[in-house]
2 protein chains.
Amino acid sequence: MVADEGEEISKRPTIYDIAVLAGTSPSAVSSVLNGTWKKRRISVKLAERVSRVAEEQGYTTNIQASVLRRARSKIIGMIIPKYDNRYFGAIAEHFEARARDQGLFPVVTCTQRDPALEVEAAKELISYQVETLIATGATDPERITQICQAARVRSINLDLPGSGAPSVISDNYTGAMDLTDVLLDRCKEDLGWQGPLTFVGGRLSDHNTAERLRGFLDAQKRRGIDPQQAKVLALGYSADNSENALMSCETTGPTGLFINSTISLEGAMRWYRKQSAKQSNMIRFGCFDWDPFGEFLPGNVGMVQQDVETMLDRTFELIGSDAKPDNPVLVPCIFRPVRTEKRG
Amino acid sequence: MVADEGEEISKRPTIYDIAVLAGTSPSAVSSVLNGTWKKRRISVKLAERVSRVAEEQGYTTNIQASVLRRARSKIIGMIIPKYDNRYFGAIAEHFEARARDQGLFPVVTCTQRDPALEVEAAKELISYQVETLIATGATDPERITQICQAARVRSINLDLPGSGAPSVISDNYTGAMDLTDVLLDRCKEDLGWQGPLTFVGGRLSDHNTAERLRGFLDAQKRRGIDPQQAKVLALGYSADNSENALMSCETTGPTGLFINSTISLEGAMRWYRKQSAKQSNMIRFGCFDWDPFGEFLPGNVGMVQQDVETMLDRTFELIGSDAKPDNPVLVPCIFRPVRTEKRG
DNA sequence: CTCATTTGCGCAATCGATATTGCAGGTGAA
DNA sequence: TTCACCTGCAATATCGATTGCGCAAATGAG
């Protein structure tokens, strides 16, 4: 007998299935399950019956159908380069939490710092009908903005600014100045040495690196220190680059390093470990980025932690008040001093 | 004049808009834009015209509508507790990459180790019509499995096993044995001391912790060492818990710590730093988890890195071959020895 | 008992894309 | 010239949920 019993190959139940089982209409089921039933004057009795049947059948709304019909999707997207450091990890986590708080559905996707993937992911999110797209640390924010504009989707830049859309970024300049000041103080205090310091990691074409370098230079100039061009080792973000740059750089005697990110810090630590005991005692560094293990690393005088929560507060404020692309919103950083215990 | 010019308030163009502009039908536009046009015998000329118009108008397909109509959604979901450590970060990143390789659309969401959020997120992903849901490190895998089954969605457990769905996990027992062996070797070699070791972090009700503890105990027993009950400090995963547990534990003289995760390692390091120089020189530890900064921490003899790539290979194999809930697939871990340089 | 409201709910159109079917017009063989 | 067949495209039903509209029954006022 060829299955003719009207017996479906068990699929997901829809409002039509529930309607039949509850002896009512699909529209009643819909309004009960999406909470608009009071407005539609459905009786409590029917509402309860429908809810019970839906529960029994393991009903879940088909968001695709729902979003297709509704005016708003309530979906908010984010592209982010990586999940592999505390900064981006925290951004993704807080973004999701914040979005849920606002009754929005977050969708995050990471793009591996790959410009092509960035574009692909942005288009994908737009296909999902996101109402807003947050472009975090995009390699090419303008391109993302352009894609969003073509699709009439609001976009916001986070971490790296762009001119086409509102941006929220850290106050890199001030943070870098603070870090440089502490580093200089500690070099003087611990080593009796006054600079100039060495800048390690990042890319000068990158807005954040440029601003941090500016703060780094200004803080030294303000003290009458002449920062040397050769001491700026911004050859990229990878650990290897930083390690190699330091290796090929003459550093004997007291040394102070301004490390541009935790990834650069890995390279710096590899280099550090190769120094003689005597030399490594004469090294101090600060890092413009935070990692929980940073405070256990020898020579660390402090870390600049970007204030992710506030950055996301500002970002969601922008979403609420459709702002125009303006000057980037600058969020102050949090300085985390490190006082390494004196060791025997 | 009340806008009567048929002039829409600029919205996203649909295939209907493109069809009008290209002087053809919506169905032709659809097939051109989704690549089935050759099969549908659309002429190259028309295909090119449609593509050009679509490009000009910044058209992107509405996935909601597309998925609604199609048989398969090609969406694959993952829930994951956190993004804030290398392990979960790597899982999320590789999952996304793998999914894209297979032509699937990944959607990842983090659940903050909150059972309620876990359930909510799972239901949300099911609403998105995911074809498969990967539950990573779920606090209650069985509950997730149950929800997925009710919705006729395939599910797979990753990192922590469950009985209702296929599971892929690390070979915690063997990894723990290896780590314990190395730790014992190094304690003997460096300190002339033979244990017993201390186990720090995790929860005994947690499958992974239980397995690691078993390996930890067996490795010691095999050497004729009697592991003491009081040396098992598995009071939770937080850094504070581990720090406090160690503080309240009498540890003077040679000490060997088996640290159950990087989060516990943070606590252990805070404790470590409070020890006298003399005492801290008599501490060795190994960590069942990997972090790039681990190798720079004093006393570290090695880290067990879970083989995320292979775990995801196995996971996607399971997706391909709709396997039954069986014994968990065990993936061997990678041992990363640490040779700290002798310091002055 | 009549008429106006209110209550409770169903009908049917709709969102945008897909896939089956159908239907002209053209081509080639007999 | 006739007819089978192919080419190129359009019409149309459909996926599941939402929502404006309308209508019958219940209720209340007079």
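By convention in this document, chain letters (A, B, ...) are assigned in the order of the sequence lines, proteins followed by strands, and residues within each chain are numbered from 1.
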### Task
Rounded off to whole Å, could you give me the CD1-to-C1' distance for the B/Ile15 and C/dA19 pair?
12 Å
### Task
Please tell me which of the listed nucleotides, C/dA17, C/dT14, D/dA10, lies nearest to the side chain of B/Arg69?
C/dA17
### Query
What nucleic acid atoms does B/Ser66 come within less than 4.0 Å of, heavy atoms only: base, sugar-phosphate, or nothing?
sugar-phosphate
### Summary
Here the distance between atom C1' of D/dT18 and atom CD of A/Gln64, to the nearest Å, is 15 Å
### Query
Quick one: do A/Glu48 and A/Arg52 make a salt bridge, cutoff under 4.0 Å?
no
### Query
Which one, D/dA11, D/dT19, D/dA17, comes nearest to the side chain of A/Tyr16?
D/dA17
### Message
Return whichever of B/Ala65 or A/Ser30 has its heavy-atom-nearest nucleotide of DNA chain D closer to the 5' end.
### Response
B/Ala65
#### Entry: salt bridge (charged side-chain N to carboxylate O under 4.0 Å, His left out) assessment of B/Glu309 paired with B/Arg98
CA-CA 9 Å; B/Glu309 302 220 14; B/Arg98 235 16 86 105; 3.5 Å; yes
### Query
Is a side-chain N or O of B/Glu118 found less than 3.5 angstrom from the main chain of B/Ile79, in a donor-acceptor match?
no
#### Entry: Flag for A/Asp159-A/Tyr87: side-chain donor and acceptor within less than 3.5 Å
yes
### Query
What's the CG-C1' distance between B/Leu68 and D/dA17, to the nearest Å?
9 Å
### Query
How many Å lie between CZ on A/Arg70 and P on D/dT19, as a whole number?
8 Å
### Task
Could you check whether the rings of B/Tyr128 and A/Phe105 sit parallel, tilted or perpendicular, using 30° and 60° as the cut-offs?
perpendicular
### Message
In the structure I gave you, are the side-chain heavy atoms of B/Lys324 and B/Pro166 within less than 4.5 Å of one another anywhere?
### Response
no
### Task
Have a look at A/Thr36 and say if it touches a base, only the backbone sugar-phosphate, or nothing, with a 4.0 Å heavy-atom cut-off.
nothing
### Query
What is the nucleic acid contact for A/Thr14, judged by heavy atoms within less than 4.0 Å: base, sugar-phosphate only, or nothing?
sugar-phosphate
### Query
Could A/Arg72 and A/Glu131 be called an ion pair, given the rule that one side-chain N must be under 4.0 Å from one carboxylate O?
yes
### Query
Nearest-Å distance, NZ (B/Lys45) to C1' (D/dT7)?
13 Å
#### Entry: Value in whole Å for how far the C1' atom of D/dT19 lies from NZ of A/Lys39
9 Å
### Query
Is B/Ser31 touching bases, backbone alone, or none of the nucleic acid, heavy atoms closer than 4.0 Å?
nothing
### Query
Given C/dA17, is OP1 or OP2 found less than 4.0 Å from the side-chain N or O atoms of B/Thr61?
no
### Query
Counting only side-chain N and O atoms of A/Tyr59, is one of them less than 4.0 Å from OP1 or OP2 of D/dA17?
yes
Can you check nucleotides 21-26 of chain D for protein contacts, nitrogen or oxygen pairs under 3.5 Å, and list what you find?
none

### Query
D/dT19 P sits how many Å from A/Arg72 CZ, rounded?
12 Å
### Message
Taking donor-acceptor contacts at under 3.5 Å, does the side chain of B/Thr24 reach the base of D/dC9?
### Response
no
### Task
With heavy atoms under 4.0 Å as the rule, sort A/Leu33 into base, sugar-phosphate or nothing.
nothing
#### Entry: Under-4.0 Å salt bridge between B/Lys123 and B/Glu120
no
### Message
On the nucleotide D/dT18, are OP1 or OP2 found under 4.0 Å from the side-chain N or O atoms that A/Asn34 carries?
### Response
yes
### Query
Mapping A/Ala28 and B/Gly23 to their closest nucleotides on DNA chain D, which lands nearer the 5' end?
B/Gly23
### Message
By nearest atom, which of the nucleotides D/dG16, D/dT14, D/dC9 is closest to the A/Asn62 side chain?
### Response
D/dG16
### Query
Which is true for A/Ser43 with a 4.0 Å heavy-atom rule: it touches a base, it touches only sugar-phosphate, or it touches nothing?
sugar-phosphate
#### Entry: Nucleotide C/dG8, atom P - distance to CD of A/Glu48 in whole Å
13 Å
### Task
For A/Ile63, answer base if it contacts any base atom (sugar-phosphate contacts may also be present), sugar-phosphate if it contacts only those atoms, and nothing otherwise; contact means non-hydrogen atoms under 4.0 Å.
nothing
